[in-house]
Number of protein chains: 2
Amino acid sequence: MANVKESSTNQMNKRLVTTKCPVTFIAYKMGNRWKPLVIRQLFSGTMRYGELKRAVPAISEKMLIQTLKELEADGIISRKAMPIIPPHVEYNLTECGRDLEPVISEMVKWSLKYNV
Amino acid sequence: MANVKESSTNQMNKRLVTTKCPVTFIAYKMGNRWKPLVIRQLFSGTMRYGELKRAVPAISEKMLIQTLKELEADGIISRKAMPIIPPHVEYNLTECGRDLEPVISEMVKWSLKYNV
DNA sequence: TTTGATACACACTTTTTGGTAGGTACTTGA
DNA sequence: TCAAGTACCTACCAAAAAGTGTGTATCAAA
C-alpha cells in the first residue's frame, strides 16, 4: 500500500509468517489500529464515507481511506461510487467480511473477560 | 516495552482504541508478528526457551525474548526459572492464554476459508 | 462571492516495530 | 584450555505504521 521494500528481511519474515500461520494471516488482514472499528461500523449495514468518518471521530481522513482501500483490496469490504456531484460513495461488507463475525465475537468474549 | 512516547498522538490513539474496542484490545495483545507462533507452540504444553527458539527458527533471539516478556507482562504466559547452572527456564500458557483457544480456532477457520 | 459539503490524494514528519550484531555468566565435556 | 550450551541483554539501525497539513473538483446555498 505505502512504500514497501519487498526485499527487506522484515517483508520476508512477514510473508513467511502470514503464509505459515493462519492466525498471523488474519491478524494482518484485520488486526491493525483502525480496521476493527471500521468493520464493526459496517456490521450494522451500508455506510457512506462521511458517515464512517463521523462514527470513528478520532481517525484521520488519511487513515480512514487507507484503511478502506486495504479492506477493499483484501476483499473484506466493497465500494460503490455513484457518479454524481457531490460524490456519493457507499461501503459494505462482502461475504468474506461478514464471515469475520464469529471471529470477532470470540475476540470480544475474551476481551470482556480479561479487560477492565 | 521499548521507548514509547506516552504523550504522542499515536499512543493516545492506541489507548483510545484499545480501551474503546475489545477487538483492537485483543489484537494488540496477540496480533503482532511472532506472538501467535509462540502461543501456538505453547498450546501443546510446557516449553523451554531453547525449544521455542528451535520451533520458530526464523525468529531472532531479541524478538523471541521480547515476545515472551510481553506475553508474560500481559498474563498470557508464565515463566518458571530453575535456579541452576546452566539455566533452565520453562514457559507455559496461563488460564488467560489457554482461553485464547476458541478465538484462535475461529481465526484459523476464517483463514483456511479465505487463504490460498 | 464566499462558504460548506462531498470524497478523496499527496508530501512530509514523527513514532514505533523489527532486525543485526555484538556481549554477559557459568559449567561441562574434549 | 578452549569450545559449546544455557538463557538472556544492549546499542544501534532500517523499515514500516501512523499522524499532520495541504490541495483537488464540483455543486448548492447563503
Side-chain angles (χ1 to χ4, degrees), chain A residues 1-18 24 27-38 46-72 77 79-91, chain B residues 1-18 24 27-28 31-35 37-38 47-72 77 79-91:
Chain A
M1 217 81 210
N3 265 5
V4 216
K5 213 168 205 173
E6 296 297 341
S7 63
S8 66
T9 310
N10 196 328
Q11 280 303 307
M12 282 177 41
N13 275 344
K14 182 171 172 178
R15 277 194 295 275
L16 178 81
V17 139
T18 49
T24 317
Y28 276 93
K29 294 288 175 195
M30 48 85 67
N32 78 0
R33 179 159 306 171
W34 302 106
K35 281 178 185 173
L37 293 163
V38 169
T46 303
M47 284 188 98
R48 295 183 58 180
Y49 174 84
E51 291 181 291
L52 283 167
K53 214 177 80 179
R54 282 186 294 276
V56 188
I59 198 172
S60 69
E61 301 207 26
K62 182 207 160 195
M63 291 314 292
L64 180 52
I65 42 154
Q66 188 175 309
T67 300
L68 290 168
K69 294 289 169 206
E70 286 177 15
L71 289 173
E72 194 196 352
I77 66 172
R79 193 188 101 107
K80 193 159 74 179
M82 327 293 189
I84 55 167
I85 295 286
H88 181 116
V89 180
E90 288 185 351
Y91 290 95
Chain B
M1 216 81 207
N3 266 6
V4 216
K5 212 168 208 176
E6 296 295 342
S7 63
S8 67
T9 310
N10 196 328
Q11 279 303 307
M12 280 176 44
N13 274 344
K14 182 171 174 178
R15 277 195 296 273
L16 178 79
V17 138
T18 50
T24 317
Y28 275 94
N32 76 359
R33 179 158 307 169
W34 301 106
K35 281 178 186 174
L37 292 164
V38 169
M47 285 188 98
R48 295 183 58 178
Y49 174 83
E51 292 181 291
L52 284 168
K53 214 177 79 179
R54 282 185 295 276
V56 188
I59 197 172
S60 70
E61 301 207 25
K62 182 206 161 195
M63 290 315 291
L64 179 52
I65 41 154
Q66 189 176 308
T67 300
L68 290 169
K69 293 290 168 208
E70 286 177 16
L71 289 173
E72 193 196 353
I77 66 172
R79 194 187 101 108
K80 192 159 75 180
M82 327 294 189
I84 55 168
I85 295 286
H88 182 117
V89 180
E90 290 185 352
Y91 290 95

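All values below come from the heavy atoms of this structure, side chains included, with hydrogens, waters and symmetry mates left out.
Take B:R79 and apply the side-chain hydrogen bond (donor to acceptor under 3.5 Å, both in side chains) test, not counting sequence neighbours, and it matches no residue. With sequence neighbours excluded, no residue satisfies side-chain hydrogen bond (donor to acceptor under 3.5 Å, both in side chains) with A:S60. Take A:N32 and apply the side-chain hydrogen bond (donor to acceptor under 3.5 Å, both in side chains) test, not counting sequence neighbours, and it matches no residue. When the side-chain hydrogen bond (donor to acceptor under 3.5 Å, both in side chains) test is applied to B:Y91, no partner is found at least two apart in sequence or on another chain. Under the salt bridge (Lys or Arg N to Asp or Glu O under 4.0 Å) criterion, B:K53 pairs with B:E61, sequence neighbours left out.
The NZ atom of A:K62 sits 16 Å away from the C1' atom of D:dG23 (whole-angstrom rounding). Here the P atom of nucleotide D:dC9 and the CD atom of B:E70 are 13 Å apart, to the nearest Å. Rounded to an integer number of Å, the gap from CG of A:L37 to P of D:dA18 is 12 Å. Atom CE of B:M12 is separated from atom P of C:dT16 by 12 Å (rounded to the nearest Å). Rounded to an integer number of Å, the gap from A:L71 CG to C:dC8 P is 13 Å. Put simply, CE on B:M63 is 16 Å from P on D:dA15, counting in whole angstrom units. At whole-Å resolution of the value, CD in A:E90 and P in C:dC8 are 12 Å apart. Computed from coordinates, the A:M82 CE to C:dC8 P distance equals 12 Å when rounded to whole Å.
Here B:N13 reaches the OP1 or OP2 of D:dG19: one of its side-chain N or O atoms lies under 4.0 Å away. Dashed line: the shortest gap from a side-chain N or O of B:R33 to OP1 or OP2 of C:dG19 is under 4.0 Å. At D:dA15, none of the side-chain N or O atoms of A:Q11 fall inside 4.0 Å of OP1 or OP2 (strictly under the cut-off). A:S8 has no side-chain polar atom (N or O) that falls below the 4.0 Å cut-off from OP1 or OP2 of C:dG19. The shortest distance between the side-chain N/O atoms of A:T9 and the OP1/OP2 oxygens of C:dT20 is below 4.0 Å. The phosphate of C:dT17 has OP1 or OP2 within less than 4.0 Å of a side-chain N or O from B:K14.
To the nearest 0.5 Å, the span separating CD1 on A:I59 from OG1 on A:T67 amounts to 4.5 Å.
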Applying side chain to side chain contact (heavy atoms under 4.5 Å, CB included), run through B:N10 and A:R33 and close with a yes or a no. CA-CA 10 Å; B:N10 196 328; A:R33 179 159 306 171; 2.8 Å; yes
What pairs of nitrogen or oxygen atoms, one from the protein and one from nucleotides 3-8 of chain D, lie under 3.5 Å apart?
residue: D:dT6; atom: O3'; partner: B:R48; partner atom: NH2; Å: 2.9
residue: D:dT6; atom: O3'; partner: B:P87; partner atom: O; Å: 3.0
residue: D:dA7; atom: OP1; partner: B:R48; partner atom: NE; Å: 2.9
residue: D:dA7; atom: OP1; partner: B:R48; partner atom: NH2; Å: 2.7
residue: D:dA7; atom: OP2; partner: B:G50; partner atom: N; Å: 3.2
residue: D:dC8; atom: OP1; partner: B:R79; partner atom: NH1; Å: 2.2
residue: D:dC8; atom: OP2; partner: B:Y91; partner atom: OH; Å: 2.8
residue: D:dC8; atom: N4; partner: B:E61; partner atom: OE1; Å: 2.8

